[in-house]
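I have placed the structure first, in the form of structure tokens, so that the comments after it can refer back to it.
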Number of protein chains: 2
Amino acid sequence: MKAQILIVEDDADLIELLEYRLQKEGYETLGFLSTKNVKRALAEEHVDLILMDRSLPDIEGSEFIAMMREKGLDTPVIFLSAKDSKYQVEEGFIRGADDYMTKPFEMSELLLRIEAVLRRTKKSIHSNLVTYRDIQLDLSSRTIHIGAQEIELTKLEFDLLHTLIAHQGSVLKRDFLLKNVWGRGGSFQGRTVNVAINRLKEKIDPDKSKNYIKTIRGIGYTLF
Amino acid sequence: MKAQILIVEDDADLIELLEYRLQKEGYETLGFLSTKNVKRALAEEHVDLILMDRSLPDIEGSEFIAMMREKGLDTPVIFLSAKDSKYQVEEGFIRGADDYMTKPFEMSELLLRIEAVLRRTKKSIHSNLVTYRDIQLDLSSRTIHIGAQEIELTKLEFDLLHTLIAHQGSVLKRDFLLKNVWGRGGSFQGRTVNVAINRLKEKIDPDKSKNYIKTIRGIGYTLF
DNA sequence: CTCGCTTGTAACCATTATGTAACCAAATCT
DNA sequence: AGATTTGGTTACATAATGGTTACAAGCGAG
């Protein structure tokens, strides 16, 4: 899948140059002369990266980013800023951007930086998912989603749910769960597993309508 | 990797001579009789250096450079000029050329100057940014900005924040942090990571309103 | 060498998670 | 149906874990 790059730059010739080169590299491009229609484009299209002149006629680049971030958009941005002594001093004020290039720049270096930023932001979606019905566990971020809702589980509850899902289809005996989730053999007596399962049930299905976990009397628990 | 040199010169014989000699030295060359197609060539190919006659039939050399720089290209340029006057040499430098040769010139001297310019322009002065929400780390200058504010972090705190951001989206266990930030395996006990995280939290979010760092009880820490 | 900053450690506090027990409800058996 | 067995529910004590603070050793800049 090609990455789509949005360009905001008030120099039409530079847009042309950038679009030509980026398309040649296999990117899709969207060129804009001002930020006027950019917001709409961001809402309508999926944009992987924004290349933006820092000093646009209508708005300051970092201001635009601030607005964008406020709307909840975290599209990465690379600034293109003029090598103006005034801006050199204020380099620290380039904020919210993922990278920046000072004009004049080498086209090949820009391409490398684009690649780097895309690689970096793509990687953050390196999740490790386990799903059962509408439950979704992300093992790397240890987050749990049920439908669109995110819920919180303790370490024990998370591990318990994880092994239940991992062995879905088979009935898990208490000994098995104690060994796999708690780590110790039979050092626990009584209702330990029982209570844990119930606390888990309470969290993933408070109104008892989904019936994720089924009790097999005399044996243990299972998911279907 | 061979450097590519673009030549713009209205004397076809001189182009041929230059190309022959430069190729013999191991450079790749692109010859042009006018600036007409040079812009396109600069977009398509990586060019390390431009050799340019200062008085071309279609455009003045320094004017062309000005245009190029405005487009954001910083490819170095060496002027070749038939006129010999100190005044003009200085003017040439002021207008953005990296070096200047007056015809007739010694081929060996040109080669030396080409080498010098290429060596000089290899170094990159661009920064290396890592961002998370409104936090921005500049890895080359090791400065940290949160929004408009610049804050100071110790080496340890900087490295810690850096690895947290680099692995944003996954929970980082204490062992992992000890290995990656501290460098040693398990040579630390107790609250070492803990205290470091809290010192970092205190600096990047003194009034505890931003909640950048989330504690995952029993596992470690994460950004989200 | 000294001063100040950094940072590991320990002691202590606060919070959360969880094992256990007591009790209740439901299923199973005779 | 009543007894018995098994699981569910609740409350609570405490263990586990992380946060906070203070302090001293280490380290580097001057």
Side-chain angles (χ1 to χ4, degrees), chain A residues 142 144 151-164 171-223, chain B residues 142-144 151-164 171-224:
Chain A
R142 291 188 79 94
I144 305 97
I151 63 166
E152 302 232 324
L153 294 180
T154 67
K155 174 175 143 55
L156 183 72
E157 288 157 357
F158 187 95
D159 293 344
L160 183 54
L161 183 54
H162 181 198
T163 64
L164 280 170
V171 180
L172 305 184
K173 300 194 180 74
R174 285 181 175 66
D175 319 10
F176 180 86
L177 288 174
L178 279 172
K179 201 175 288 176
N180 279 271
V181 179
W182 277 260
R184 304 167 252 181
S187 73
F188 289 101
Q189 338 95 300
R191 311 264 76 75
T192 301
V193 177
N194 201 307
V195 174
I197 286 276
N198 280 295
R199 292 207 252 247
L200 177 58
K201 277 186 183 175
E202 174 63 25
K203 285 203 187 168
I204 63 178
D205 186 20
D207 41 352
K208 296 170 186 177
S209 56
K210 305 281 197 63
N211 285 106
Y212 296 112
I213 299 174
K214 187 167 185 178
T215 304
I216 307 298
R217 199 182 169 82
I219 314 290
Y221 300 91
T222 186
L223 298 178
Chain B
R142 290 184 79 90
T143 52
I144 306 97
I151 63 166
E152 302 236 322
L153 294 181
T154 66
K155 172 178 145 48
L156 182 73
E157 287 157 356
F158 187 94
D159 293 344
L160 184 54
L161 183 55
H162 181 198
T163 65
L164 279 170
V171 180
L172 304 186
K173 300 194 181 75
R174 287 181 174 66
D175 322 9
F176 180 88
L177 289 173
L178 281 172
K179 201 174 287 174
N180 279 271
V181 179
W182 278 261
R184 303 167 254 181
S187 72
F188 288 101
Q189 339 94 298
R191 312 262 74 76
T192 301
V193 176
N194 201 306
V195 174
I197 286 276
N198 281 298
R199 292 207 250 248
L200 176 59
K201 277 186 183 174
E202 175 63 25
K203 286 204 188 168
I204 63 179
D205 186 18
D207 42 353
K208 296 171 185 177
S209 55
K210 305 280 198 64
N211 284 107
Y212 296 112
I213 299 174
K214 186 173 182 182
T215 304
I216 307 296
R217 193 169 242 265
I219 311 292
Y221 299 91
T222 188
L223 296 180
F224 231 54

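Just so it is clear: chains get the letters A, B, ... in the order the sequence lines come, proteins before strands, and each one is counted from 1. Since we're looking at a predicted model, the values are computed, not measured.
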- [ ] Could you pick out which residue, B/Thr215 or A/Ile219, lies toward the 5' side of DNA chain D when each is mapped onto its nearest nucleotide?
- [x] A/Ile219
Open item on the list: Is there a side-chain contact between B/Glu152 and B/Ile144 in this structure, where contact means two heavy atoms from C-beta onward sitting under 4.5 Å apart?
Closed with: no
Open item on the list: Do A/Arg142 and A/Lys155 make a side-chain contact, defined as non-hydrogen atoms from C-beta onward lying under 4.5 Å apart?
Closed with: yes
Task: Short N-O contact, B/Asp175 and B/Lys179, less than 4.0 angstrom - done: no
Task: Interatomic distance where CG belongs to B/Leu200 and P belongs to C/dT7 [whole Å] - done: 11 Å
Open item on the list: Can you confirm whether B/Ile197 sits close enough to B/Leu164 that some side-chain heavy atom of one is under 4.5 Å from a side-chain heavy atom of the other?
Closed with: yes
Open item on the list: Output the rounded distance in Å from CD1 (B/Ile197) to C1' (D/dG19).
Closed with: 12 Å
Open item on the list: Distance check needed: D/dG8 C1' versus A/Ile213 CD1, whole Å only.
Closed with: 13 Å
TODO: Considering non-hydrogen atoms only, spot the tightest contact between B/Trp182 and B/Thr192 and give its length.
DONE: NE1-CG2, 3.9 Å
TODO: Starting from C1' on C/dT6, measure out to CZ on B/Phe158 and report it in whole angstrom.
DONE: 17 Å
Open item on the list: Nearest to the side chain of B/Asn198, heavy atoms from C-beta on, is which of D/dT20, C/dG19, D/dG7?
Closed with: D/dT20
Open item on the list: Could you tell me if the side chain of A/Tyr221 sits less than 4.5 Å from the side chain of A/Ile216, heavy atoms only?
Closed with: no
- [ ] Calculate the interatomic distance between A/Asn194 atom CG and C/dA21 atom P; express it in whole Å.
- [x] 14 Å
Dump the pairs, protein N or O against N or O of nucleotides 23-25 of chain D, anything under 3.5 Å, distances to one decimal.
none

- [ ] Please tell me which of B/Lys208 and A/Arg174 maps to the more 5' nucleotide of DNA chain D, matching each residue to the nucleotide holding its nearest heavy atom.
- [x] A/Arg174
Task: Nearest listed nucleotide, side chain of A/Tyr221, among D/dG8, C/dG8, C/dA26 - done: D/dG8
Task: Given DNA chain C, 5'-ward residue of the pair A/Val195 and B/Lys203, judged by closest heavy atom - done: B/Lys203
Open item on the list: Between P on D/dA16 and NZ on A/Lys155, what's the gap in Å once rounded to a whole number?
Closed with: 13 Å
- [ ] On DNA chain C, check which nucleotide each of A/Leu156 and A/Arg217 is closest to and give me the residue with the more 5' one.
- [x] A/Leu156
Open item on the list: Between B/Arg199 and B/Glu157, does any NZ, NE, NH1 or NH2 come within less than 4.0 Å of an OD or OE carboxylate oxygen?
Closed with: no
- [ ] Report the distance from atom CG of B/Leu160 to atom C1' of C/dT6, rounded to the nearest whole Å.
- [x] 14 Å
Open item on the list: Measuring from the side chain of A/Thr154 (C-beta onward, heavy atoms only), which nucleotide among C/dA17, D/dG18, D/dG7 has the closest atom?
Closed with: C/dA17
TODO: Give a yes or no on whether a donor-acceptor pair under 3.5 Å exists between the nucleobase atoms of C/dT9, that is its base, and the side chain of B/Arg191.
DONE: no
TODO: Decide yes or no for A/Val193 and A/Lys173: does some side-chain heavy atom of the first lie under 4.5 Å from some side-chain heavy atom of the second?
DONE: no
TODO: State whether A/Trp182 places a side-chain N or O below 4.0 Å from either non-bridging phosphate oxygen (OP1 or OP2) of C/dT18.
DONE: no
Task: Distance below 4.0 Å between B/Thr192 side-chain N/O and C/dT9 OP1 or OP2 - done: yes
Task: B/Asp159 CG to C/dT7 P, straight-line distance once rounded to whole Å - done: 9 Å
